[in-house]
Amino acid sequence: MQTPEQVDQAIPKLTTKIAALVSSNTHVTNPKDRTRNLPINILNAIHKNRKPRKNWQHTRNPDVKTLLNRQTTLVHDLMHSHRDNEWVNFLSNIDPTSESWTNIYKLNIKLMHKRPAVHPLSDNQNILRYDAVAKSEIFADSIEKQFQTPDHTTHTDE
């Protein structure tokens, strides 16, 4: 590419290639629906928490806020005890003669080497972008900025 016109013609091709690569190498994972495994008493407590929250958002009544805080604490305590019970059940069901210990070892390694969260890309206005086309535009802008030649005036000795 020798002329600016050739560069301008190559940019859409590069953008489409980057968009295709980003879309082919990006996958969206659906979070696990954790409510399916919860006991009915916790689900009922969560459901009871919705009405005071809605009422608090509309009225900002301190008494309603107190009720909401109590209900939220109850849900938190129920969830904590449920997680503890699940963990105790998991540990108590382990057979020392089976392959379960390798599963615990693998679980321990996963917990110790937890990967950091991957954050979405943000554009020049610091707006988070999730779709593949917007990501490819961010990559294209970044590459364009990296490959710009600096505007230096040439100095000649006279």
Side-chain angles (χ1 to χ4, degrees), residues 8 10-148:
D8 289 339
I11 288 175
K13 293 178 184 176
L14 177 64
T15 303
T16 55
K17 284 184 180 180
I18 291 174
L21 288 172
V22 167
S23 65
S24 67
N25 291 313
T26 302
H27 67 281
V28 178
T29 58
N30 294 329
K32 293 179 183 176
D33 187 12
R34 298 180 68 153
T35 59
R36 291 184 188 158
N37 299 333
L38 294 177
I40 193 71
N41 64 332
I42 296 177
L43 292 175
N44 288 338
I46 291 171
H47 184 69
K48 280 172 95 176
N49 204 15
R50 292 182 185 149
K51 190 172 182 179
R53 183 178 309 280
K54 182 179 177 182
N55 195 2
W56 162 250
Q57 289 173 344
H58 289 294
T59 64
R60 298 294 184 192
N61 184 347
D63 295 333
V64 174
K65 181 63 175 172
T66 303
L67 177 67
L68 174 63
N69 288 343
R70 276 194 211 122
Q71 187 65 28
T72 303
T73 304
L74 174 68
V75 170
H76 180 267
D77 293 344
L78 287 172
M79 290 292 293
H80 187 72
S81 65
H82 174 69
R83 271 187 255 122
D84 286 347
N85 291 338
E86 289 288 314
W87 183 248
V88 168
N89 288 340
F90 173 73
L91 291 178
S92 64
N93 291 334
I94 295 174
D95 181 18
T97 60
S98 69
E99 294 290 321
S100 300
W101 289 106
T102 59
N103 293 339
I104 291 178
Y105 175 76
K106 290 177 185 177
L107 175 66
N108 188 31
I109 293 297
K110 284 182 184 178
L111 291 174
M112 288 174 50
H113 302 291
K114 190 173 182 181
R115 292 183 180 175
V118 177
H119 300 288
L121 297 176
S122 58
D123 60 6
N124 294 338
Q125 291 85 24
N126 287 331
I127 299 173
L128 298 178
R129 301 298 180 180
Y130 297 93
D131 58 313
V133 176
K135 288 180 186 179
S136 65
E137 288 295 327
I138 292 171
F139 285 131
D141 291 342
S142 174
I143 291 171
E144 182 181 348
K145 286 179 186 175
Q146 291 175 16
F147 289 103
Q148 285 181 347

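Everything quoted here is computed from the prediction, not taken from an experiment.
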- [ ] Output all residues satisfying side chain to side chain contact (heavy atoms under 4.5 Å, CB included) with A19, sequence neighbours left out; order by chain, then residue number.
- [x]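 Expected list: S136.
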
Task: Identified side-chain contact (heavy atoms from CB on, under 4.5 Å) partner of P52 from the options T66, N61, N69, L68 - done: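 Among T66, N61, N69, L68, the one meeting side-chain contact (heavy atoms from CB on, under 4.5 Å) with P52 is L68.
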
Just how far is it from atom [atom1] of [X] to atom [atom2] of [Y], taken to the nearest 0.5 Å?
X: Q57; Y: K65; atom1: CD; atom2: NZ; result: 9.5 Å
X: D141; Y: Q146; atom1: CG; atom2: CD; result: 11.0 Å
X: I18; Y: I138; atom1: CD1; atom2: CD1; result: 11.5 Å
X: D84; Y: M79; atom1: CG; atom2: CE; result: 11.5 Å
X: N124; Y: E137; atom1: CG; atom2: CD; result: 11.0 Å

Open item on the list: I'd like to know whether L121 forms a side chain to side chain contact (heavy atoms under 4.5 Å, CB included) with F139, so could you lay out the CA-CA distance, the side-chain angles of the two residues, the decisive distance to 0.1 Å, and finally the verdict.
Closed with: CA-CA 9 Å; L121 297 176; F139 285 131; 3.8 Å; yes

Restricting to non-hydrogen atoms, name the atom on [X] and the atom on [Y] that form the minimum distance, rounded to 0.1 Å.
X: N89; Y: S92; value: O-OG, 3.0 Å
X: I42; Y: L78; value: CD1-O, 3.6 Å
X: Y130; Y: K135; value: O-CE, 3.3 Å

Open item on the list: Looking at I11, is its backbone amide N or carbonyl O close enough to the side chain of T15 to form a donor-acceptor pair, meaning the two atoms are under 3.5 Å apart?
Closed with: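 Between the backbone of I11 and the side chain of T15 there is a qualifying donor-acceptor contact (under 3.5 Å).
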
TODO: Check whether any side-chain N or O of N49 sits under 3.5 Å from a backbone N or O of A45 as a donor-acceptor pair, and report yes or no.
DONE: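 Checking the backbone N and O of A45 against the side chain of N49, no donor-acceptor pair under 3.5 Å is found.
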
TODO: Sequence neighbours left out, what passes salt bridge (Lys or Arg N to Asp or Glu O under 4.0 Å) with D123? Give chain and number order.
DONE: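 Applying salt bridge (Lys or Arg N to Asp or Glu O under 4.0 Å) to D123 gives R129.
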
Open item on the list: With heavy-atom distances below 4.5 Å as the criterion, would you say the side chains of N55 and L67 are in contact?
Closed with: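 SC-SC contact between N55 and L67 ruled out.
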
